[in-house]
Amino acid sequence: MKQEKLIKLVFKAAENAYCQYSNYQVGACCLCKDGSYFLGANIENASYGATICAERNAVFAAYSNGYRKKDIEALCIVTYGKRIGSPCGICRQVLAELINQDTPIILANKEEVLITNISKLLPMQFSKEDLD
Ligand code: THU
């Protein structure tokens with residue numbers, strides 16, 4: 001899928017955010033190599049800690065449908081904020097586990113696009129190797 005189309009689609013997903021506490025809409029898409037994709041939006045809770053971020057919802061949906069890190073082509077995360085949204089700490093830890101180190105993570109707001117990956121976003125990761 002072309003990057004422009006992907007970002008448009010993810011802005012549509014952001015409209016599904018359930019975010020009455022923060023009023024901060026986030027959309028995400030886990031794009032798989034076979035062309036399938038899984039959208040996510042942030043879903044908040046009155047017990048704030050029960051909130052789940054958009055990117056976790058998208059990646060969990062891919063995994064729940066049988067996809068694994070080798071199958072994931074890119075992850076896209078969008079916000080309407082002035083600043084490009086960057087994954088929170090919990091999401092970085094989840095992404096470190098569930099997507100490849102060099103898988104493109106496309107971050108966008110209405111003005112700009114930034115492409116990064118989890119090795120850049122989370123150096124010195126705690127992972128399975130630490131437990132072996
Ligand atoms: N949020 C995400 O969905 N992704 C992030 O990486 C940053 C934060 C959501 C969680 C919450 O619903 C709102 O943004 C404000 O923190």
Side-chain angles (χ1 to χ4, degrees):
M1 192 188 308
K2 284 244 168 65
Q3 186 173 292
E4 206 176 318
K5 189 180 166 196
L6 176 66
I7 291 171
K8 261 199 185 142
L9 187 75
V10 188
F11 271 111
K12 286 298 279 177
E15 289 173 19
N16 295 327
Y18 176 79
C19 59
Q20 59 184 316
Y21 304 102
S22 71
N23 285 315
Y24 184 75
Q25 294 174 303
V26 186
C29 180
C30 186
L31 180 64
C32 296
K33 291 176 184 165
D34 69 359
S36 57
Y37 58 85
F38 298 88
L39 298 173
N42 51 323
I43 308 297
E44 298 187 345
N45 195 284
S47 173
Y48 297 169
T51 292
I52 303 201
C53 294
E55 53 271 58
R56 265 181 288 151
N57 278 331
V59 173
F60 289 163
Y63 267 70
S64 298
N65 282 277
Y67 292 85
R68 292 294 180 261
K69 58 171 67 166
K70 66 173 178 9
D71 307 309
I72 298 171
E73 187 174 318
L75 178 70
C76 179
I77 306 163
V78 311
T79 60
Y80 294 92
K82 273 201 198 117
R83 263 161 50 123
I84 276 192
S86 184
C88 77
I90 296 174
C91 285
R92 287 177 200 219
Q93 181 64 27
V94 168
L95 296 178
E97 173 98 18
L98 300 181
I99 69 171
N100 280 326
Q101 293 296 311
D102 59 350
T103 295
I105 299 178
I106 303 163
L107 305 175
N109 65 4
K110 284 290 184 187
E111 274 84 50
E112 51 176 337
V113 178
L114 194 153
I115 302 178
T116 185
N117 61 48
I118 197 58
S119 78
K120 290 183 190 154
L121 289 175
L122 188 62
M124 284 187 74
Q125 296 168 11
F126 179 77
S127 69
K128 185 174 182 297
E129 280 75 61
D130 295 290
L131 301 173
D132 287 341

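As the structure lists them, so they are numbered: ligands from 1, and atoms in each ligand from 1. Here, residue 1 is the first one in the sequence, and each next residue gets the next number.
Residue-level proximity to ligand 1 for Ser22 is carried by the side chain, the only part with a heavy atom below 4.0 angstrom.
Residue Cys53 approaches ligand 1 through these ligand atoms, each under 4.0 Å from one of its heavy atoms: 1 (N), 2 (C), 3 (O), 4 (N), 5 (C), 8 (C), 10 (C). Under a 4.0 Å criterion applied to the non-hydrogen atoms of Glu55, ligand 1 contributes the atoms 2 (C), 3 (O), 4 (N), 5 (C), 6 (O). The Glu44 neighbourhood of ligand 1 comprises atoms 11 (C), 12 (O), 13 (C), with distances under 4.0 Å to a heavy atom of that residue.
The closest approach between any non-hydrogen atom of Cys88 and ligand 1 is below 4.0 Å. For Pro87, the closest heavy-atom approach to ligand 1 falls below 4.0 Å.
Between Glu55 and Ile105 the shortest side-chain heavy-atom distance does not fall below 4.5 Å. Lys69 places none of its side-chain heavy atoms less than 4.5 Å from the side chain of Leu98. Counting heavy atoms from C-beta on, the side chains of Arg83 and Asn109 never come closer than 4.5 Å.
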Trace of the ring-ring contact (aromatic ring centres under 6.0 Å, His included) decision for Phe11 with Tyr80
CA-CA 8 Å; Phe11 271 111; Tyr80 294 92; 5.0 Å; yes

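Contact record, Pro104 with Glu73: CD-O, 3.3 Å, taken as the closest heavy-atom pair. Here the shortest heavy-atom pairing between Cys29 and Leu6 reads SG-CD1, 3.7 Å.
With hydrogens and angles left out, the side-chain atoms of Thr51 and Tyr21 include no donor and acceptor closer than 3.5 Å.
In terms of protein heavy-atom proximity, atom 14 (O) of ligand 1 is closest to Tyr24 CD2, 3.3 Å.
Geometrically, ligand 1 and Asn42 share a nitrogen or oxygen pair separated by less than 3.5 Å. In terms of polar-atom proximity, defined here as any N/O pair under 3.5 Å, Ala54 does make such a contact with ligand 1.
Inside a 4.0 Å radius of atom 1 (N) of ligand 1 there is at least one protein heavy atom.
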